[in-house]
Amino acid sequence: MTEASDNSPAHFIRNRIRQELESGKHERVVTRFPPEPNGYLHLGHAKSIVLNFAMADEFGGETNLRFDDTNPIREEQRYVDAIREDVAWLGYAWAHECFASDYFPTLYAYALHLIDHGLAYVDSQDGDMIRAQRGTLTEPGQPSPFRDRSPAENRDLFERMRGGEFADGAHVLRARIDMAAPNINLRDPVLYRIRHQKHPRTGDEWCIYPSYDFAHGQSDAIEGITHSLCTLEFEDHRPLYDWLIEHLPVPSKPQQIEFARLNLDFTVLSKRRLMRLVDEGYVDGWDDPRMPTFAGIRRRGFTPRSIRSFCTEIGVTKSESIIPFGALERNLRDDLNERAPRRLAVLEPLKIVLTNFPEDETEWFEVANHPQKPEMGTRKVPMTREAFIERGDFMEEPPKKFFRLKPGGEVRLRNAFIIRCDEVVRNGAGEVTELRCSFDPESRSGQPGSERKVKGTVHWVSAEHAVAAEVRLYDRLFSIPHPAGDKARDFVEFLNPESLKVIGNARLEPGLENAEPGEHYQFERTGYFVADPDSTPDRPVLNRAVTLRDTWAKLEKQLRG
RNA sequence: UGGGACGUCGCCAAGCUGGUUAAGGCACGGGGUUUUGAUCCCCGCAUUCGCAGGUUCGAAUCCUGCCGUCCCAGCCA
């Protein structure tokens with residue numbers, strides 16, 4: 001997929017690749033997106049996916065989807081399936097689907113190579129011992145007593161590890177680099193560990209599994225990855241990455257380049273925290289529309305295009321930043337503004353009776369599906385004597401600059417005509433239950449009198465034709481910008497109690513009862529909505545993906561002081 | 001107090017092989033169009049680049065020192 005890069009800032013990775021192509025260092029670009037199948041993808045991954053595919057696309061290369069499945073105790077097939085679905089949903093087609101586990105035989109041979117060259121050894125100490133000898137940030141580590149085993153002994157031990165002779169933890173294979181290195185990753189890092197654990201793909205074939213450091217770079221090399229893009233926390237691993245590539249007979253020399261991961265305010269983007277939200281029931285699952293997971297944002301109504309343009313717009317740097325969630329929402333609005341058909345829907349209905357409108361009559365208005373795009377067509381919308389308008393569009397004692405309905409005031413019913421509020425009807429409790437209004441027949445859309453200007457326009461739905469629906473209004477998951485930023489407090493303390501508001505009796509324009517799950521609409525003056533999978537023709541369920549920009553709400557707030 | 005990295009407008013972010021007035025987007029403010037207070041369209045918005053010195057005719061770009069922030073002591077990735 002090639003996308004206009006009009007909102008794509010220049011960035012160091014693109015600059016560098018371009019340079020390398022021009023200088024002839026590379027002839028093509030091959031990237032990869034390498035998730036571990038131990039959890040669901042979220043917005044943080046989206047940045048990486050978009051970057052990897054964009055770099056390959058822009059320079060005519062290709063991108064692999066590679067599952068980094070080197071730790072069978074945490075990985076499951078269902079995550080593989082979900083990840084595939086998510087990447088495809090975002091709009092990308094990978095060149096090859098790969099698994100680090102496909103390379104286990106090669107990796108094993110590489111390990112032997114290191115052993116034979118005296119560059120790796122079997123350490124027979126337990127984890128605590130190894131940790132104790134690793135030293136600290138300021139003190140060098142101590143060599144393991146097994147560090148100088150002969151290649152022959154190492155080979156024998158390692159082959160027996162592979163053969164299943166030893167229990168988990170009895171031995172590990174370590175690179176023989178430098179126990180005094182200031183970079184802790186170089187203090188003889190673990191390359192292989194014993195795990196008698198069935199692997200989702202290789203079954204019981206192996207009982208030793210390579211570590212990330214040993215598997216990742218070599219997998220890159222095997223696939224001919226030219227640029228191995230990863231996040232900043234792997235910067236310290238690059239010397240090890242390079243060391244292994246240097247000392248192994250790999251078929252190519254990939255280059256690791258690190259960039260800053262995505263941070264968004266008012267949410268959390270870590271598998272661990274998202275897992276807690278699900279496990280402890282703070283949300284309704286991985287696909288809860290408040291979750292930043294692909295499953296969640298998809299159900300919330302975010303579009304692949306909006307996610308891609310967002311990821312492109314934020315840029316790629318090495319400086320860590322926090323992007324406002326609102327930036328994501330704006331990209332959604334920009335996308336849906338172009339493509340979502342408009343509809344009328346009243347969330348909190350207030351009945352109006354048009355006293356001079358004939359009873360038992362229905363007038364059909366032909367209404368544009370998009371005010372700026374005639375090619376999107378029109379539809380017929382019915383009006384009857386009784387209708388609903390938004391409760392919030394009427395105020396008995398409105399503040400200054402309130403352009404909506406008030407007693408004695410006029411307002412236009414969108415696409416129909418101008419009405420005047422003649423009488424306010426209340427129940428015993430003093431609550432407004434109905435407005436008795438009269439309409440101006442001359443002001444019908446299309447009539448000469450439609451030129452007449454009134455300050456406000458309001459949306460409505462015929463009472464007789466209205467479709468009752470459930471509407472779910474979503475707001476930010478957390479009530480503070482950086483819920484995970486306070487180390488002294490548990491982030492769940494900052495969950496926004498009003499992140500979901502369910503409206504049980506919304507009234508939709510007829511036709512919407514047939515909205516297919518996943519279909520987007522703009523409810524005029526209200527926001528962008530998407531039909532939820534919970535929808536049935538009897539009971540449509542619409543999720544609010546994002547509100548429209550609301551200048552009035554801002555103004556009103558200011559007026560109130 | 002070891003190592004690695006980052007610090008340009010409220011939020012992102014170009015520029016950083018030194019050369020006239022520090023891109024762009026968002027946000028924000030002002031104005032226009034509008035039967036969505038939406039969209040759209042104009043205009044405005046850093047004498048300043050974490051701080052302090054230095055080199056230079058000239059520095060955000062080079063040097064030195066300082067300050068701040070992030071990452072690393074899993075047989076996780």
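We use all heavy atoms of the structure for the numbers below, so side chains are in, but hydrogens, waters and symmetry mates are not. Proteins come first, then strands; the chains are lettered A, B, ... in the order of their sequence lines, and each starts at number 1.
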Worksheet item: Are any of A:Ser319's side-chain N or O atoms less than 4.0 Å away from OP1 or OP2 of B:A13?
Response: yes
Worksheet item: How long is the gap from CZ on A:Arg544 to CG on A:Leu473, to the nearest 0.5 Å?
Response: 4.5 Å
Fill in: Span that lies between the C1' atom of B:G4 and that of B:U47, in whole angstrom
36 Å
Fill in: Any residue meeting salt bridge (Lys or Arg N to Asp or Glu O under 4.0 Å) with A:Glu363, in chain and number order, not counting sequence neighbours
A:Arg444
Item to complete: Among the candidates B:C72, B:G37, B:U36, find the nucleotide nearest to the side-chain atoms of A:Gln522.
Response: B:U36
Worksheet item: Taking the same atom, P, in B:A59 and in B:C49, what whole-Å distance lies between them?
Response: 12 Å
Worksheet item: Which part of the nucleic acid, if any, lies within contact of A:Gln125, taking any heavy atom under 4.0 Å across all strands shown: a base, the sugar-phosphate backbone alone, or nothing?
Response: base
Discussion item. Check the orientation of A:Tyr521 and A:Phe523. Use parallel for under 30°, tilted for 30 to 60°, and perpendicular for over 60°.
Written reply: parallel
Discussion item. Taking any heavy-atom pair under 4.0 Å as a contact, classify A:Asp393: base, sugar-phosphate, or nothing.
Written reply: nothing
Discussion item. Please give the distance between the C1' atoms of B:G58 and B:C16 as a whole number of Å.
Written reply: 16 Å
Discussion item. Within the 4.0 Å heavy-atom criterion, would you say A:Glu235 contacts the bases, only the backbone, or no part of the nucleic acid?
Written reply: sugar-phosphate
Discussion item. Less than 4.0 angstrom between a side-chain N/O of A:Asn71 and OP1 or OP2 of B:C75, yes or no?
Written reply: no
Item to complete: Return the value, rounded to whole Å, for the distance between atom CD of A:Glu139 and atom C1' of B:G2.
Response: 10 Å
Worksheet item: Considering only the C1' atoms, how many Å lie between B:G44 and B:U55, rounded to the nearest integer?
Response: 39 Å
Worksheet item: Out of curiosity, A:Phe417 CZ to A:Arg452 CZ, how far, rounded to the nearest 0.5 Å?
Response: 12.5 Å
Worksheet entry | Which nucleotide in B:A77, B:U35, B:A38 has an atom nearest any side-chain atom of A:Asp68 | B:A77
Worksheet entry | C1' atoms of B:C51 and B:C67, separation to the nearest Å | 7 Å
Worksheet entry | Distance test, side-chain N/O of A:Gln558 to OP1/OP2 of B:G29, below 4.0 Å | yes
Discussion item. I want to verify a distance call: between B:A77, B:U35, B:C26, whose nearest atom is closest to the A:Arg330 side chain?
Written reply: B:C26
Discussion item. Run the salt bridge (Lys or Arg N to Asp or Glu O under 4.0 Å) test against A:Arg162 and tell me which residues pass, sequence neighbours left out.
Written reply: A:Glu205
Fill in: Pair A:Glu75, A:Asn38: side-chain N/O donor-acceptor within cut-off below 3.5 Å
no
Response to the item:
Here the residues of residues 180-193 of chain A within 4.0 Å heavy-atom distance, strictly under, of RNA chain B are A:Pro182, A:Ile184, A:Val190, A:Arg193
Worksheet item: Looking across every strand, which nucleic acid part, if any, lies under 4.0 Å from A:Asp550 by heavy atom: base, sugar-phosphate, or nothing?
Response: nothing
Worksheet item: Below 4.0 angstrom from OP1 or OP2 of B:U35, is there any side-chain N or O of A:Lys453?
Response: yes
Discussion item. Once ring-ring contact (aromatic ring centres under 6.0 Å, His included) is applied, do any residues pair with A:Phe266, and if so which ones, sequence neighbours excluded?
Written reply: none
Worksheet item: Under the criterion side chain to side chain contact (heavy atoms under 4.5 Å, CB included), which of A:Asn337, A:Thr547, A:Thr303 is the partner of A:Tyr528?
Response: A:Asn337
Item to complete: Taking atom C1' in both B:C41 and B:U33, compute the distance separating them and give it to the nearest angstrom.
Response: 8 Å
Discussion item. Can you list everything that forms a side chain to side chain contact (heavy atoms under 4.5 Å, CB included) with A:Ser450? Sequence neighbours excluded, please.
Written reply: A:Arg412
Fill in: Nearest-nucleotide pick for A:Asp236, side chain only, options being B:U36, B:A14, B:G4
B:G4
Discussion item. Can you confirm whether the side chains of A:Arg149 and A:Ser124 place a donor and an acceptor under 3.5 Å from each other?
Written reply: yes
Fill in: Side chain of A:Thr551 - closest among B:C70, B:U36, B:G37
B:G37
Discussion item. Tell me if the side-chain of A:His237 makes a donor-acceptor pair with the base of B:A77, cut-off 3.5 Å, by modelled atom types.
Written reply: yes
Fill in: salt bridge (Lys or Arg N to Asp or Glu O under 4.0 Å) involving A:Lys554 - partner list, sequence neighbours excluded
none
Worksheet item: Can A:Trp552 be classed as stacking with the base of B:G37, given a centroid separation cut-off of 5.5 Å and a plane angle cut-off of 30°?
Response: yes
Worksheet item: Does A:Lys318 place a side-chain N or O at less than 4.0 Å from the phosphate oxygens OP1/OP2 of B:C71?
Response: no
Discussion item. Could you tell me how far B:G50 sits from B:G68 if I compare only their P atoms? Round to whole Å.
Written reply: 16 Å
Worksheet entry | A:Leu555 side chain, from C-beta outward: closest of B:G3, B:G37, B:A73 | B:G37
Restricting both atoms to N or O, compile the protein contacts to nucleotides 66-68 of chain B shorter than 3.5 Å, with distance only.
none

Item to complete: Compare side-chain N and O positions of A:Arg333 against OP1 and OP2 of B:U39 and report whether any pair is under 4.0 Å apart.
Response: no
Worksheet item: What nucleotide among B:A38, B:U35, B:G29 has an atom nearest to a side-chain atom of A:Lys554?
Response: B:G29
Worksheet item: Within less than 4.0 Å of OP1 or OP2 of B:C6, is there a side-chain N or O belonging to A:Thr317?
Response: no
Worksheet item: Has the side chain of A:Ser445 got a donor or acceptor atom sitting under 3.5 Å from an opposite partner on the base of B:U35?
Response: yes
Practice prompt. Please identify each residue that fulfils ring-ring contact (aromatic ring centres under 6.0 Å, His included) with A:Tyr108, with sequence neighbours left out.
Written response: A:Phe158, A:Trp206
Discussion item. My understanding is that only residues two or more places apart in sequence, or in another chain, count here; which of them pass side chain to side chain contact (heavy atoms under 4.5 Å, CB included) with A:Ile323?
Written reply: A:Leu262, A:Leu264, A:Phe310, A:Ile314, A:Ser321, A:Ala327
Item to complete: Give a yes/no on whether any side-chain N or O of A:Arg549 is located under 4.0 angstrom from OP1 or OP2 of B:U39.
Response: yes
Worksheet item: Does any donor atom in the side chain of A:Gln558 or A:Glu556 lie under 3.5 Å from an acceptor atom in the other side chain?
Response: no
Response to the item:
Ordered by number, residues from residues 257-267 of chain A within less than 4.0 Å of RNA chain B (heavy atoms) are none
Discussion item. Once salt bridge (Lys or Arg N to Asp or Glu O under 4.0 Å) is applied, do any residues pair with A:Asp335, and if so which ones, sequence neighbours excluded?
Written reply: A:Arg305, A:Arg339
Practice prompt. Give a yes/no on whether any side-chain N or O of A:Thr526 is located under 4.0 angstrom from OP1 or OP2 of B:U36.
Written response: no
Practice prompt. With ring pair (Phe, Tyr, Trp, His ring centres under 6.0 Å) as the test, would you mind laying out the steps for A:Phe104 and A:Tyr209 before giving the verdict?
Written response: CA-CA 8 Å; A:Phe104 283 172; A:Tyr209 292 96; 5.7 Å; yes
Discussion item. On the six-membered ring of A:Phe325, is A:Arg476 placed so that its NZ or CZ lies under 6.0 angstrom from the centre and within 45° of the ring axis?
Written reply: no
Discussion item. My validator wants the stems of RNA chain B: runs of 3 or more consecutive Watson-Crick or G-U pairs, both distances under 3.5 Å, written as range with range.
Written reply: B:2-7 with B:67-72, B:10-12 with B:24-26, B:28-32 with B:40-44, B:50-54 with B:62-66
Worksheet, complete the sentence: Closest to the side chain of A:Thr70, out of B:G4, B:U36, B:A77, is B:A77
Fill in: Side chain of A:Arg412 (C-beta onward), nearest among B:A38, B:G37, B:U35
B:U35
Discussion item. Using the P atom as the point on both nucleotides, what is the distance between B:G74 and B:U17, in whole Å?
Written reply: 38 Å
Worksheet entry | Side-chain N or O of A:Arg134 closer than 4.0 Å to phosphate OP1/OP2 of B:C75 | yes
